[in-house]
Asks: 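Pasting a structure here, questions to come.
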Amino acid sequence: KYVGIEQLAVQGIKKDYLTVKYHGEDKLYVPVDQMNLIQKYIGSDSVKPKVNKLGSNDWIKTKTRVKKAIEDMAHELLELYAKRQTIEGFSFSKDQPWQKQFEDNFPYEETDDQLRCIVELKEDMEKARPMDRLLCGDVGYGKTEVAMRAIFKAVLDSKQVAFLVPTTILAQQHYNTMIERFKQFPVKIEMLSRFRNESQQRKIINNLKSGNIDIIVGTHRLLSKDVRFSDLGVLIVDEEQRFGVKHKETLKKLKESIDVLTLTATPIPRTLHMSMIGIRDMSVIEEPPEERYPIQTYVVEYNDQLVRDAIIKEIRRDGQVYVVYNRVKGIHKIAADLKKLVPNARIAVGHGQMNERELEKVMIDFLNKDYDVLVCTTIIETGLDIPNVNTIIVYDSDRMGLSQLYQLRGRVGRSNRLAFAYLTYKKNKVLSEVAEKRLKAIKEFTEFGSGFKIAMRDLEIRGAGNLLGQQQHGHMAAIGYDLYVKFLEEAVKKLKGEVKEDKIETMIELDIDGYIPDSYIPSEEQKIEMYKRISSIENKEESSDVLEELIDRFGDVPKQVDNLLRISFIKSLCQNAKITSISQNNGYIKLEISDLKYVTPELINFLSYNFSRSMSFDISNNPKFIYKLNKIKQKEILLEIEEVIEKISSFHSGQINI
């Protein structure tokens, strides 16, 4: 557990250290120039990470276990990927004239991301190998339209398309969208779900088998044994992670020879996306549609008049309202109170303890605009996309997690109308510090795509878990999201045969003051941010950039900060110079080399020639160079060390001929 920055003076030399507390009373002081050895734990709000004892093997065991699980998963994914490359699939023809006509009928302007994803999809479909692409994008970013174009392309080649969704309500929604979108073309669309009675289902299944249906939308009912296709060409799966294990197995078999497109609204952090390149075909939509406005977010004390005005205002513009009350007990009282406040409003209630069919009916009626207000629990958090709902009122928002609030607010603002979110808390209630911070964050992050920017710990870890499977979610929680992604990247590189040289970690102990004084940067948060920037310097340009930023933000740098920048640059040179440790003892500097193989006769000759009597060598199993300093001022000593290490580094790079 990080407890703060502490300044310690060792033998008269002042330095800042990060204080890390282990289980019990053990503490470890980490020099700020080794900050890269520390990573912030990004985990789920609901999981409290375990703090280990200093010196125990627990952490090593956890890391080893997770690393093994990641390698196994990456191996399995890569194997699957390789297998698909060898199977012959159907190669769809190039775009036909009707395709252009269909695309021109789209009433909105496509975003650049949408257009790129459409191109990637079509290229996949035109190849002989079966497509297996994952399309990610926040809800309402236009994934469905991208899928529509693939569907139409398949239908033009006389192939059938199955659109598989996790819930009956979503099936109804996609069915309505498609009927509207394809109405000008001779395309036969059907839906298979609980909203069809026995005889209707039988008729649909027969028509599918005989090829009289082009597009079928349905729930897992589509995966039943009695469902047969005449000539299935493309399968589209919405939110695959919400299907059960048994359904996933059936899907796996289906996927082997046909083109598959999987849609997910899980925001994919760029880091995860990058680390998975090469083991999945992914298309990501990151930009919102043109017509969108940011959601107007208000964090306020609950007030009857405010709620009444918000509901009336929305109904007047023919819109609908979500009222979220996250406890089943008392939800009907809330609905009754609202009825008194706004007598003309048609109000429905929906919660997870209702009979499934009853809940579905309420949701469908709400979708069909039979109600103005839906009073519900957080069941609306995932999935439903109703563009007509543009006001959401949340009760007791201080009791909800950040990602939950973000998801709830994302339920509105799906059209080109201005949307409103009222996050309320009880009158005269003193908010806890955590709740206050949470609500402040949600209020500040009103712009789009902020799902990537907010410290979306929960969403990131949940999103990554969704993408990689439930079991991986647990591993991610054990070691934190950042480290998990780092291990995944390493595993993929290893499998692809890209061997990466181990990074040399250099310890630097010099009798030189290197820290950021409080008088220069008083805020600890900003100080840590700058220490992080300084510790990640990898070359001269980066060092100059950081110096420029410091001067720009905080004024001329004091000598202690200048020393710190130089130490960090020296550390970056050590990577190439193969130096693991630099230590100072009176007027001497000891440079320890990582391996005897790097101490060649040519290097010794070169250094002897350049530094004559100042340099001596100890070529034992633990090789080191000892350099006698000529200077005594701190800044001059650093410049001298820099020169020595730059020479060794350029020798290893082959930039110097002897």
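All residue numbers refer to positions in the sequence shown, counting from 1. Only a predicted model underlies this, so the values are computations on that prediction, with no experimental measurement involved.
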Asks: Please state whether the rings of F106 and Y108 are parallel, tilted or perpendicular, taking 30° and 60° as the class boundaries.
Replies: perpendicular
Asks: Which heavy atom of A491 sits nearest a heavy atom of A74, and at what distance?
Replies: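 So the two residues come closest at CB-CB, 4.3 Å.
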Asks: Taking side chain as C-beta onward, heavy atoms only, is K143 less than 4.5 Å from I285?
Replies: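 A side-chain contact exists here, since the closest heavy-atom pair is under 4.5 Å.
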Asks: State, to 0.1 Å, how close L222 and G218 come at their nearest heavy-atom pair, and which atoms those are.
Replies: CD1-N, 3.7 Å
Asks: Count the heavy atoms of every other residue, nucleotide or ligand shown that sit under 6.0 Å from CZ of R317, and state whether that count exceeds 12.
Replies: yes
Asks: For Y322 and C376, work out which heavy atoms get closest and say how close.
Replies: CD2-SG, 4.5 Å
Asks: Do side-chain atoms of D259 reach the backbone of V234 as a donor and acceptor pair under 3.5 angstrom?
Replies: no
Asks: Check D112 with R116, please: is the shortest side-chain N to carboxylate O separation under 4.0 Å?
Replies: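 Looking at R116 and D112, the cut-off is not met.
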Asks: Please confirm whether the backbone N or O of P166 pairs with a side-chain atom of T219, one donor and one acceptor, at under 3.5 Å?
Replies: no
Asks: Is the F163-Y175 ring centre distance short of 6.0 angstrom?
Replies: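 They do not qualify: ring centres at least 6.0 Å apart.
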Asks: Do T297 and L423 make a side-chain contact, defined as non-hydrogen atoms from C-beta onward lying under 4.5 Å apart?
Replies: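 Yes. Closest side-chain heavy atoms under 4.5 Å.
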Asks: Determine the minimum heavy-atom distance between M178 and I189, stating which atoms define it.
Replies: O-CD1, 3.7 Å
Asks: Check step by step if side-chain contact (heavy atoms from CB on, under 4.5 Å) holds for I216 and F229.
Replies: CA-CA 10 Å; I216 184 84; F229 294 90; 3.7 Å; yes
Asks: Evaluate the criterion side-chain contact (heavy atoms from CB on, under 4.5 Å) for residue pair V155 and F182; output intermediate values, then yes/no.
Replies: CA-CA 11 Å; V155 171; F182 288 96; 5.8 Å; no
Asks: Can you name the salt bridge (charged side-chain N to carboxylate O under 4.0 Å, His left out) partners of R533, sequence neighbours left out?
Replies: E549
Asks: If we only count heavy atoms from C-beta on, is the R399 to Y425 side-chain gap below 4.5 Å?
Replies: no
Asks: Evaluate whether atom NE2 of H351 has more than 12 neighbouring non-hydrogen atoms of other residues, nucleotides or ligands under 6.0 angstrom away.
Replies: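 Yes - once you tally the heavy atoms of other residues, nucleotides and ligands closer than 6.0 Å, there are more than 12.
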Asks: Please report the shortest heavy-atom distance between M73 and L488, naming the atom on each side.
Replies: CE-CD1, 3.7 Å
Asks: Atom NE2 of H220 and atom OG1 of T168: how far apart are they, to the nearest 0.5 Å?
Replies: 7.0 Å
Asks: If every non-hydrogen atom of L121 is compared with every non-hydrogen atom of V146, which pair is closest and at what distance?
Replies: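 Answer, listing the atom of L121 first, then V146: CD1-CG1, 3.4 Å.
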Asks: Quick one: do D281 and K127 make a salt bridge, cutoff under 4.0 Å?
Replies: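 No salt bridge links D281 with K127.
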Asks: Test: salt bridge (Lys or Arg N to Asp or Glu O under 4.0 Å). Region: residues 150-165. Which pairs qualify, not counting sequence neighbours?
Replies: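 Output for this query lists D95-K153, E126-K153, K159-D231.
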Asks: Counting heavy atoms not belonging to K122, are there more than 12 under 6.0 Å from its NZ?
Replies: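 For K122, atom NZ is crowded (more than 12 foreign heavy atoms under 6.0 Å).
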Asks: Where the side chain of N388 meets the backbone of D318, is there a donor-acceptor pair that is under 3.5 Å apart?
Replies: yes
Asks: Measure the acute angle between the ring planes of W98 and F152, then classify it against the limits of 30° and 60° as parallel, tilted or perpendicular.
Replies: parallel
Asks: Could you walk me through whether Q172 and S193 pass the side-chain contact (heavy atoms from CB on, under 4.5 Å) test, one step at a time?
Replies: CA-CA 9 Å; Q172 182 73 46; S193 78; 5.9 Å; no
Asks: Please check if the number of heavy atoms outside E76 that lie under 6.0 Å from its CD is greater than 12.
Replies: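 Open: at most 12 neighbouring heavy atoms sit under 6.0 Å from CD of E76.
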Asks: Do L408 and M400 have side chains that get closer than 4.5 Å, going by heavy atoms?
Replies: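 Heavy-atom side-chain distance check passes, below 4.5 Å.
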Asks: Does a donor on one side chain and an acceptor on the other come within less than 3.5 Å for Q184 and N105?
Replies: yes
Asks: Can you list the steps and then say if K100 with D104 is a side-chain contact (heavy atoms from CB on, under 4.5 Å)?
Replies: CA-CA 6 Å; K100 185 175 181 339; D104 289 345; 2.9 Å; yes
Asks: Given side chains that start at C-beta, do those of E145 and E110 come closer than 4.5 Å, heavy atoms only?
Replies: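 They are not in contact (no side-chain heavy atoms under 4.5 Å apart), so the answer is no.
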